[in-house]
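Nothing here was measured: the structure is a model prediction, and the numbers come from that model.
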Amino acid sequence: MYDLFVSGNASSEQIVEESKTCGKILTVLSWIIVILTMPFSLMVCFKVVQEYERAVIFRLGRLLSGGAKGPGIFFILPCIDAYARVDLRTRTYDIPPQEVLTKDSVTVSVDAVVYYRVSNATVSIANVENAHHSTRLLAQTTLRNIMGQRPLHEILSERESISQHMKALLDEATDSWGINVERVEIKDVRLPVQLQRAMAAEAEAAREARAKVIAAEGEQKASRALREASEVIGDSPAALQLRYLQTLTKICTSKSSTIIYPIPIDMRLKSSVEN
């Protein structure tokens, strides 16, 4: 068994050495082709990437050492080199509306926006087939999972915390793909029409109840104030007459008003003073 293991390692090392030798031979031949076809080969060998782009180069199927190239001009060898352009700018993904069943068994439709960008061009090409598509699918799944773990009142009132939680989960999962999630925003939460009507009726009933309580408290305070005022006026008959005159003044706001005094006011004032 040990002999088989040793022989297997030896054969693998031999294969690696042969591949390295073959790679060196092909590299030399590629350089010869470049030299023989100059200056036409320079049109193929020199490539340019923009400031917001990086180029990941593969030589004979292996990542070229030194990481991603750019921005600016870089050199590739024909026939043995292949490269992929990676855009480093922030991308926006509008998550389509997701039908979610909340923790308290309410069906809602939720949509969100995810802002992300490629932070490591080499990892985004080498570790995942399509980093952008994978990030978008993961964003949809994460949104559904988070919303399904929360009751309706938390979804409606704690959008900021939900966005932060979703961003942390996405950023942690996409770190190995070379993706950096910068921001997540919950756009809208749409409720069923019947539930909207029920919530509106509940809110209206609550407002009416508060209005009745406030009116009852106002009447209670007014009755207490009237009782205190009656006690003050009862101690002074002149104050009662003055209040009577003030009431008559408020009544006579228009010229068409006619007031009939059953007793002359002067006599009432004199009798009150004499008493």
(message) If you count every heavy atom of other residues, nucleotides or ligands that lies below 6.0 Å from Leu36 atom CG, does the total exceed 12?
(response) yes
Just how far is it from atom [atom1] of [X] to atom [atom2] of [Y], taken to the nearest 0.5 Å?
{"X": "Asp171", "Y": "Met166", "atom1": "CG", "atom2": "CE", "result": "12.0 Å"}
{"X": "Arg117", "Y": "Leu88", "atom1": "CZ", "atom2": "CG", "result": "7.5 Å"}
{"X": "Thr142", "Y": "Leu137", "atom1": "OG1", "atom2": "CG", "result": "10.5 Å"}
{"X": "Trp177", "Y": "Leu138", "atom1": "CH2", "atom2": "CG", "result": "5.0 Å"}
{"X": "Leu64", "Y": "Arg59", "atom1": "CG", "atom2": "CZ", "result": "5.0 Å"}
{"X": "Leu191", "Y": "Leu156", "atom1": "CG", "atom2": "CG", "result": "5.5 Å"}

(request) Would you please indicate if the ring centroids of Phe74 and Phe46 are separated by under 6.0 Å? (result) no
Determine, using the 4.5 Å side-chain heavy-atom cutoff (strictly less than), whether [X] and [Y] are members of one ILVMFWY cluster.
{"X": "Val113", "Y": "Val110", "value": "no"}
{"X": "Val48", "Y": "Leu77", "value": "yes"}
{"X": "Phe75", "Y": "Ile57", "value": "no"}

(request) Please check if any side-chain donor atom of His132 sits under 3.5 Å from a side-chain acceptor atom of Tyr93, or the reverse. (result) no
(request) Establish, from distance only, whether the side-chain atoms of Glu182 and Thr90 form a donor-acceptor pair under 3.5 Å. (result) yes
Looking only at heavy atoms, which two atoms of [X] and [Y] are closest? And how far apart?
{"X": "Val49", "Y": "Pro71", "result": "CG2-CA, 3.8 Å"}
{"X": "Leu63", "Y": "Ala126", "result": "CD1-CB, 4.0 Å"}
{"X": "Ile162", "Y": "Ile155", "result": "CD1-CA, 3.8 Å"}
{"X": "Ala131", "Y": "Ser124", "result": "CB-O, 4.0 Å"}
{"X": "Val181", "Y": "Tyr116", "result": "CA-CB, 4.0 Å"}
{"X": "Val184", "Y": "Ser163", "result": "O-CB, 3.2 Å"}

(request) Apply the side chain to side chain contact (heavy atoms under 4.5 Å, CB included) test between Leu143 and each candidate in Leu170, Ile95, Leu169; give the one that qualifies. (result) Ile95
(message) I'd like to know if Asp94 pairs up with Lys187 as an ion pair, taking the criterion as any Lys NZ or Arg NE/NH1/NH2 lying under 4.0 Å from an Asp or Glu carboxylate oxygen.
(response) yes
(request) Using a strict cut-off of less than 4.0 Å between a Lys/Arg side-chain nitrogen and an Asp/Glu carboxylate oxygen, indicate whether Glu185 and Arg159 qualify as a salt bridge. (result) no
Any side-chain to backbone donor/acceptor pair from [X] onto [Y]? Under 3.5 Å, distance only.
{"X": "Gln149", "Y": "Ile146", "result": "no"}
{"X": "Arg144", "Y": "Glu99", "result": "yes"}
{"X": "Asp104", "Y": "Pro151", "result": "no"}
{"X": "Asn145", "Y": "Thr141", "result": "yes"}
{"X": "Asp111", "Y": "Val189", "result": "no"}

(message) Whether Arg183 engages the ring of Tyr115 as a cation-pi pair (distance to the six-membered ring centre under 6.0 angstrom, angle to the ring normal within 45°) should be assessed.
(response) no
In the structure I gave you, are the side-chain heavy atoms of [X] and [Y] within less than 4.5 Å of one another anywhere?
{"X": "Pro97", "Y": "Arg190", "value": "yes"}
{"X": "Val108", "Y": "Met147", "value": "no"}
{"X": "Asp87", "Y": "Val118", "value": "no"}
{"X": "Arg150", "Y": "Glu158", "value": "yes"}

(message) Set out, in order, the CA-CA distance, both residues' side-chain angles and the distance that settles side-chain contact (heavy atoms from CB on, under 4.5 Å) for Ile76 and Tyr83, then state yes or no.
(response) CA-CA 8 Å; Ile76 63 172; Tyr83 74 97; 4.0 Å; yes
(message) Does anything in residues 214-226 form a side chain to side chain donor-acceptor pair (under 3.5 Å)? List the pairs, not counting sequence neighbours.
(response) none
